[in-house]
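A quick write-up on the structure given underneath.
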Amino acid sequence: IGWFARIPRAERDAIFGLVEDFQKDTSKPKVNLGIGVFRTDEDKPYILKCVQKAEEKILKKRMDKEYSPVAGFEIFKKLSMDFTFGKSSVFNKPGRHVTFQGLSGCGGLSIAAQFLRMFYPGRKMVYISDPTWPNHQNLFNKLGLKTDTYRYYDAENISLDFDGMMEDIHKMPYRSIILFHASAHNPTGFDPTEEQWKEITEEVKKRKLYVIMDNAYQGFASGDLNKDAQSFRIMAKRRVNMVLVTSYAKNFGLYGERVGATSFLVDSKHEADKILSQLILLIRANHSNPPLHGARIVEEVFTDPCLTKLWIEELKIMANRLKSARKQLLQKLKETGSSRNWDFITKQIGMFSYTGLTKEQIIRLQKEFHIYMLTSGRLAIPGITSKNVEYVAKCIHKVTS
Ligand code: PMP
């Protein structure tokens, strides 16, 4: 077995590697602004009440633990289409979509990537935003799809580089593949406006691009299920060719349950049947059958009107907690007397603030003050609490002045 020793060591995963470092650090205070998981103002994980109630109902039903169908249960798939594209979408009909239950967002992206690699007849190049969630490049490249980038972020003005993005899309070779973040762009926290999505849609149509829409934050980003879906609903209305990859990790707090839904939009039942047959083979080769528990929870919340109502309230609570943490951080940074303009913090949305801090500054934050962030400058807002916000603001001021 000597060949194991000759395997090159891979770089650590940027996000989970940082979590390990944080856990090993015994200093106090220490602050984890690395990973994108929701935390309460007491820095505790939050189990949604609607999820707990759904679990109680499920437990009482004493359901069996047999395999779920390879692509997931029909009811789950239907409810996912109602949630994402909406009940009245032309695509929410048999023969207009092929949906499967993926292993959360990553698992959905992975099956979609393998499917495109095998069957996509256009140019097998996936354009991802610069910057993007670090796992996008890793995932596509590991699964045999090349990636290239399009401009997205204007570092000088700390804003969306809309003109740069449009120029780059305009130059993309016909029938390439492009990935968008449906809402709460990770890591920048800047999303196009409704008008801008319409412009993007027209350009995508002109270039005949195939769209992978990464929908990791619907309802969680703004607290409004419809607003966070505007990007892909606009595209669906204009018949953009697309696969939508939805994760229920953030909006249900079901991170470790690995539950999500992925939908390919199609033209006919004939197409749908063929695609499904191939997806089933792919899924069999990957994880064979999706897990039961998380999907049952989502199904229960979607079908019980009281639980749906509670869920919508809890989404607002989570979104508001993050908005309020942004406000507090901005306020405390202003109070330090910092000469920088930090106003972008409250203009961004979702889990992250892309701070423009340099790698050196971030290393100092970690070494001297035990504040952990990605060296790209991404700060995870849920790690900010009423207790630590002043400390974090002061330390950021120290390393930036
Ligand atoms: N896409 C983006 C942009 C994300 O931020 C995440 C979660 N961090 C995911 C996909 C998928 O995560 P999961 O597999 O846990 O659903």
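Since the structure is predicted, the reported quantities are computational estimates derived from the model, not experimental observations. Counting starts at 1 for both ligands and their atoms, following the listed order.
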Top protein contact for atom 9 (C) of ligand 1, by heavy-atom distance: Trp133 CH2, 3.5 Å
Side-chain ion pair, Lys198 and Glu202, N-O less than 4.0 Å: no
Closest to atom 13 (P) of ligand 1 among Gly256, Ser104, Ala182 (heavy-atom distance): Ser104
Polar proximity ligand 1 side, Leu103 side, N/O cut 3.5 Å exclusive: no
Set of side-chain hydrogen bond (donor to acceptor under 3.5 Å, both in side chains) partners for Thr336, sequence neighbours left out: none
Cys106, any N or O under 3.5 Å of ligand 1 N or O: yes
For Arg258, atoms of ligand 1 separated by under 4.0 Å from a heavy atom: 13 (P), 14 (O), 15 (O)
Atoms in ligand 1 flagged as close to Gly105, the criterion being non-hydrogen separation under 4.0 Å: 11 (C), 13 (P), 14 (O), 16 (O)
Contact check, Tyr248 vs ligand 1, heavy-atom distance below 4.0 Å: no
Short N-O contact, Asp267 and Arg239, less than 4.0 angstrom: no
Heteroatom proximity flag, Tyr255 to ligand 1, N/O under 3.5 Å: no
Sub-4.0 Å heavy-atom contact, His185 with ligand 1: no
Partner residues of Asn286 under the side-chain hydrogen bond (donor to acceptor under 3.5 Å, both in side chains) criterion, sequence neighbours left out: Gln114
Atom indices of ligand 1 within 4.0 angstrom of Asp214 heavy atoms, with elements: 1 (N), 2 (C), 3 (C), 10 (C)
Aromatic plane relationship, Tyr153 with Phe190 - under 30° parallel, 30 to 60° tilted, over 60° perpendicular: parallel
Close approach of Met351 to ligand 1, heavy atoms, under 4.0 angstrom: no
Pair Asp148 + Arg123, salt bridge at N-O below 4.0 Å: no
Option from Ile345, Asp41, Leu379 for which side-chain contact (heavy atoms from CB on, under 4.5 Å) with Ile384 holds: Leu379
Pairing of Glu271 and Lys274 as salt bridge, 4.0 angstrom limit: no
Close-contact set for ligand 1 against Lys250 heavy atoms, below 4.0 Å: 6 (C), 7 (C), 8 (N)
